[in-house]
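Accompanying notes for the structure given below.
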Amino acid sequence: MKKVFLFALVVLALQWDMSAQTYKVITSVESIVPNGLGRSRIVNALEEKDYKEFTSVQTEDDNTRNKSDRGEIRVKNFEETKLLNFYNLGGIRFQNIAANDAVITSMINDMIANGWELAFVTSAVESEGGKGDGQGIFITRYIFRK
């Protein structure tokens, strides 16, 4: 009887570990546009989307274009936290970077306090492409799991 009980307990514990995890992506976009003209934000979607609703399968027999409606894909309920731009009129502003670090740290700590674990962080840069471009962002995705 003890062996049956122990076996059932082990099976139950394995199923508990195998339960699905939930992921949440929060993105920070920090402007690297010269003269402080850009916009910097943390963006957090407050609604969920099912990617399958906007996915089509291309085959040799059927290569019909994906006709998903952009309006249905768009998220209208989201949180937007203001950050400071990396540059101002005087050039790079280290005080702004430190301020952004403090705000992002606060966001991460809040997520952890609410039961999320920071699983992955990935970032990329699209920098100024030359004279007259005036574009540039530093984007970071924070991927949390529960």
Side-chain angles (χ1 to χ4, degrees), residues 7-146:
F7 178 76
L9 190 62
V10 168
V11 169
L12 185 63
L14 287 174
Q15 286 180 344
W16 184 275
D17 276 344
M18 292 172 28
S19 64
Q21 294 182 335
T22 302
Y23 288 86
K24 173 88 175 150
V25 177
I26 296 178
T27 301
S28 66
V29 178
E30 296 172 277
S31 171
I32 53 175
V33 174
N35 301 323
L37 298 175
R39 292 177 26 194
S40 299
R41 303 284 189 272
I42 298 173
V43 180
N44 177 16
L46 299 177
E47 59 187 72
E48 294 183 13
K49 295 285 182 174
D50 182 356
Y51 80 95
K52 293 175 187 173
E53 293 179 29
F54 315 110
T55 302
S56 65
V57 177
Q58 303 289 318
T59 65
E60 189 174 325
D61 297 329
D62 182 9
N63 60 357
T64 306
R65 192 174 135 254
N66 185 328
K67 296 180 182 174
S68 297
D69 183 358
R70 292 177 188 269
E72 291 178 16
I73 299 171
R74 202 163 276 122
V75 171
K76 295 181 179 145
N77 299 310
F78 64 96
E79 213 173 50
E80 181 180 83
T81 304
K82 187 167 185 167
L83 294 174
L84 301 174
N85 298 330
F86 282 174
Y87 289 97
N88 66 7
L89 289 174
I92 192 165
R93 180 96 169 148
F94 295 104
Q95 190 176 36
N96 289 4
I97 295 170
N100 289 356
D101 288 350
V103 173
I104 292 168
T105 299
S106 172
M107 179 268 306
I108 292 170
N109 286 335
D110 184 62
M111 292 293 292
I112 290 170
N114 285 299
W116 293 93
E117 170 194 1
L118 181 59
F120 307 100
V121 177
T122 184
S123 61
V125 175
E126 190 285 310
S127 61
E128 170 127 9
K131 187 176 182 177
D133 181 3
Q135 302 294 316
I137 61 169
F138 184 82
I139 185 169
T140 305
R141 290 218 159 97
Y142 304 90
I143 303 169
F144 295 90
R145 75 173 156 222
K146 255 188 191 182

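Source: prediction; values computed, not measured. Quick note: residue numbers are just sequence positions, from 1.
- Residues Y87 and I32 come closest through the heavy atom pair CE1-O, 3.5 Å.
- Checked by atom type and distance alone, the side chain of S106 never pairs as donor or acceptor with a backbone atom of A102 at under 3.5 Å.
- Residues I26 and M111 are in side-chain contact: their nearest non-hydrogen atoms beyond the backbone lie under 4.5 Å apart.
- The 12-atom threshold is not exceeded at CD of E48, counting heavy atoms of other residues, nucleotides or ligands nearer than 6.0 Å.
- Among residues two or more places apart in sequence or in another chain, the side chain to side chain donor-acceptor pair (under 3.5 Å) test is passed with D61 by none.
- Of the N and O atoms on the side chains of N44 and K24, at least one donor lies less than 3.5 Å from an acceptor on the other residue.
- Annotation: the span from I92 atom CD1 to F86 atom CZ amounts to 7.5 Å, rounded to 0.5 Å.
- For the salt bridge (charged side-chain N to carboxylate O under 4.0 Å, His left out) test, no residue two or more places apart in sequence or in another chain qualifies with R39.
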May I have the list of side-chain donor-acceptor pairs in residues 65-72 shorter than 3.5 Å, sequence neighbours left out?
residue: N66; atom: OD1; partner: S68; partner atom: N; Å: 2.9
residue: N66; atom: OD1; partner: S68; partner atom: OG; Å: 2.7
residue: N66; atom: ND2; partner: F54; partner atom: O; Å: 2.9
residue: S68; atom: OG; partner: F54; partner atom: O; Å: 3.4
residue: D69; atom: OD1; partner: G71; partner atom: N; Å: 3.0

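- Minimum interatomic distance between N114 and D110 (heavy atoms only, all atoms of both residues): ND2-O, 2.8 Å.
- If you check the side chains of R141 and T122, you find no donor sitting under 3.5 Å from an acceptor.
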Check: Does the pair I137 and V125 meet the rule for a side chain to side chain contact (heavy atoms under 4.5 Å, CB included), with working shown?
Finding: CA-CA 6 Å; I137 61 169; V125 175; over 6 Å; no
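- Shown here for L83 and E30, the closest heavy-atom pair between the two residues is CD1-CG, 4.0 Å.
- Here the straight-line distance linking atom CG of N88 with atom CD of Q95 works out to 9.5 Å at 0.5 Å rounding.
- Across every non-hydrogen atom of N85 and G38, the tightest pair is ND2-O, 2.8 Å.
- Note that the CZ atom of R145 and the CD atom of Q21 stand 5.0 Å from one another [nearest 0.5 Å].
- Once rounded to the nearest 0.5 Å, the distance linking OG1 of T27 with OH of Y142 reads 9.0 Å.
- To the nearest 0.5 Å, atoms CZ (R41) and OG (S28) are separated by 12.5 Å.
- Judged purely by distance below 3.5 Å, without hydrogens or angles, the side chains of Y51 and E53 never pair a donor atom with an acceptor atom.
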Next item on the list: Take Q58 and N63, measure what side-chain hydrogen bond (donor to acceptor under 3.5 Å, both in side chains) needs, and give me the verdict at the end.
Entry: CA-CA 5 Å; Q58 303 289 318; N63 60 357; 5.6 Å; no
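- Summarising the geometry, atom CG belonging to N100 is positioned 8.0 Å from atom CD1 belonging to I42; distances are rounded to the nearest 0.5 Å.
- Note: W116 and F144 have perpendicular aromatic rings, judged against thresholds of 30 and 60 degrees for the angle between ring planes.
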